[in-house]
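Take a look at the structure set out below.
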Amino acid sequence: MPRETNAAKRERAIEVCERLDRRYGPVECFLDHENPFRLVISVLLSAQTTDAQVNKVTPELFRRWPTPEAMAGATPTEIAEVIKSLGFYKTKAKHCVEAAQMIVADFGGHVPADMKELVKLPGVGRKTANIVLNVSFGIVEGIAVDTHVNRIAHRLKLSPKTHEKEPLKTEQDLLKILPKEYWRNVNHQWIKFGREICDARKPLCSECPLSDICPSVRC
DNA sequence: ATCCCGAGGG
DNA sequence: CCCTCTGGAT
């Protein structure tokens, strides 16, 4: 089998984006994004859990600590009690407090609209920063590659198998083959597709609108 | 058993 | 690359 050309990959990637865009249209953020601070905290909490689980705890979390200033004064222990139903709750509780403290101390109480500064916040990596930049500030300089986007990119063979466990490299692969106009919608539309059709354990290939162009289809 | 809108440290 | 952190849903 000759290796596929980048042009062929690009063509498939664009087709994926256009079909999913027609299917889902504009998709709103599933997490609390009332303001940038709440979005940072919500996305930080969403690691290895579902957005539904996050949405269960954030009302109480933001009722008790509504602002960076308030959360900067909380202890990790009291945050942990509120978010205990989420995975990694001890680490996340610490990150909430430390990120809030850094927002207050280093950024004047405002979440920075800048990739380099966002990833300085404890618990915030490129994936979270991409979401915040996109949703809160309308800045698109990357694609948030979470477990869904990663899985779909690899099933469609838009990223080499060697990058399957390295979402940062998967992101670079997608940025290379996809024209920038498509970046904005990838995360939310692909997540929706991933939950509805391209499920990790039981993909519904027989109902999939991409089955004719998917190298991994198993009808 | 496996996955869920990951990040940090080695 | 690896591992750890972690509970809930399926």
Side-chain angles (χ1 to χ4, degrees), chain A residues 20 24 26-34 36 38-58 60-61 76-77 79-103 111 115-137 140 142-155 159-174 183-204 216:
Chain A
L20 294 185
Y24 298 115
V27 180
E28 74 303 348
C29 186
F30 316 111
L31 299 168
D32 186 333
H33 57 287
E34 205 179 285
R38 293 188 176 193
L39 183 61
V40 169
I41 297 298
S42 294
V43 181
L44 182 158
L45 294 178
S46 73
Q48 289 299 296
T49 191
T50 60
D51 57 313
Q53 295 297 114
V54 174
N55 288 335
K56 283 184 195 168
V57 306
T58 45
E60 173 68 4
L61 185 69
T77 309
I79 302 259
E81 286 170 23
V82 177
I83 66 168
K84 193 159 180 22
S85 60
L86 306 179
F88 311 149
Y89 65 91
K90 286 182 189 169
T91 311
K92 288 175 183 176
K94 195 156 76 78
H95 286 162
C96 282
V97 176
E98 290 173 352
Q101 289 172 344
M102 190 180 288
I103 289 168
V111 173
M115 173 64 76
K116 284 200 180 90
E117 300 193 319
L118 277 170
V119 296
K120 289 181 189 166
L121 297 173
V124 176
R126 245 194 99 83
K127 180 259 168 178
T128 301
N130 269 322
I131 301 271
V132 173
L133 283 175
N134 188 346
V135 174
S136 285
F137 300 114
V140 182
I143 295 173
V145 176
D146 56 55
T147 179
H148 294 291
V149 173
N150 195 61
R151 179 178 67 253
I152 293 163
H154 286 281
R155 280 188 176 157
S159 175
K161 193 172 178 60
T162 48
H163 294 171
E164 208 162 9
K165 292 180 176 174
E166 294 173 281
L168 268 65
K169 290 188 178 174
T170 303
E171 182 190 356
Q172 294 311 311
D173 295 331
L174 291 177
W183 296 1
R184 181 169 59 94
N185 286 326
V186 169
N187 182 262
H188 289 102
Q189 290 179 340
W190 290 27
I191 284 179
K192 203 156 180 177
F193 171 66
R195 296 206 287 217
E196 203 176 287
I197 307 282
C198 200
D199 181 81
R201 289 180 273 202
K202 292 185 304 179
L204 302 177
S216 307

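These figures come from a predicted structure and were not determined experimentally. All chains are named by letter (A, B, ...) in the order of the sequence lines, taking the proteins before the strands, and each is independently numbered beginning at 1.
The backbone N or O of A:Gly87 lies less than 3.5 Å from a partner atom in the side chain of A:Lys92, making a donor-acceptor pair.
Heavy-atom distances to DNA chain C give each of A:Arg201 and A:Leu86 a nearest nucleotide, and the one nearer the 5′ end belongs to A:Leu86. Nearer to the 5' terminus of DNA chain B, by closest-nucleotide assignment, is the contact made by A:Ala52 (compared with the other of A:Ala52 and A:Gly123). Of the two residues contacting DNA chain B, namely A:Thr128 and A:Thr49, the nearest-nucleotide position lying further toward the 5' end is that of A:Thr49.
Relative to the side chain of A:His188, the nucleotides C:dG7, B:dG8, B:dC5 differ in distance, and B:dC5 lies closest. Nearest to the side-chain atoms of A:Lys127 among the listed nucleotides B:dC4, B:dA7, C:dG7 stands B:dA7. Checking C:dC5, B:dC5, C:dG8 against every side-chain atom of A:Gln53, the shortest atom distance belongs to C:dG8. Looking at the side chain of A:Thr147, the nearest of the listed nucleotides C:dG8, B:dC4, C:dT6 is B:dC4.
In this structure, A:Leu45 reaches neither bases nor backbone, as no heavy-atom distance under 4.0 Å exists between it and the strands shown. Using a 4.0 Å heavy-atom criterion, one finds that A:Gln48 contacts the bases of the nucleic acid, with or without backbone contacts as well. Nucleic acid contact class of A:Ser42 (heavy atoms, under 4.0 Å, all strands): none. Within 4.0 Å (heavy atoms only), A:Lys90 reaches sugar-phosphate atoms of the nucleic acid but no base atom. Within the nucleic acid shown, A:Leu44 has no heavy atom closer than 4.0 Å to any nucleic acid atom.
The stacking criteria are not both satisfied for A:Tyr89 over the base of C:dG7, which would need a centre-to-centre distance under 5.5 angstrom and an angle between ring planes under 30 degrees.
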Which atom pairs, donor and acceptor, lie under 3.5 Å between side-chain atoms of residues 121-129 of chain A and protein residues at least two apart or in another chain?
{"unit_1": "A:Arg126", "atom_1": "NE", "unit_2": "A:Glu171", "atom_2": "OE1", "d": "2.8"}
{"unit_1": "A:Arg126", "atom_1": "NE", "unit_2": "A:Glu171", "atom_2": "OE2", "d": "3.4"}
{"unit_1": "A:Arg126", "atom_1": "NH2", "unit_2": "A:Glu171", "atom_2": "OE2", "d": "2.7"}

Atom pairs and distances, donor-acceptor, side-chain atoms in residues 142-149 of chain A, under 3.5 Å, two or more places apart:
{"unit_1": "A:Asp146", "atom_1": "OD1", "unit_2": "A:His148", "atom_2": "N", "d": "2.7"}
{"unit_1": "A:Asp146", "atom_1": "OD1", "unit_2": "A:Val149", "atom_2": "N", "d": "3.1"}
{"unit_1": "A:Asp146", "atom_1": "OD2", "unit_2": "A:Asn187", "atom_2": "ND2", "d": "2.9"}
{"unit_1": "A:His148", "atom_1": "ND1", "unit_2": "A:Arg151", "atom_2": "NH2", "d": "2.9"}

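Atom SG of A:Cys198 is separated from atom CZ of A:Arg155 by 4.0 Å, given to the nearest 0.5 angstrom.
Near DNA chain C, meaning a heavy atom under 4.0 Å away, the residues from residues 161-168 of chain A are A:Thr162, A:Lys165, A:Glu166.
In summary, A:Glu164 and A:Lys161 engage in a salt bridge, as defined by a charged side-chain N under 4.0 Å from a carboxylate O.
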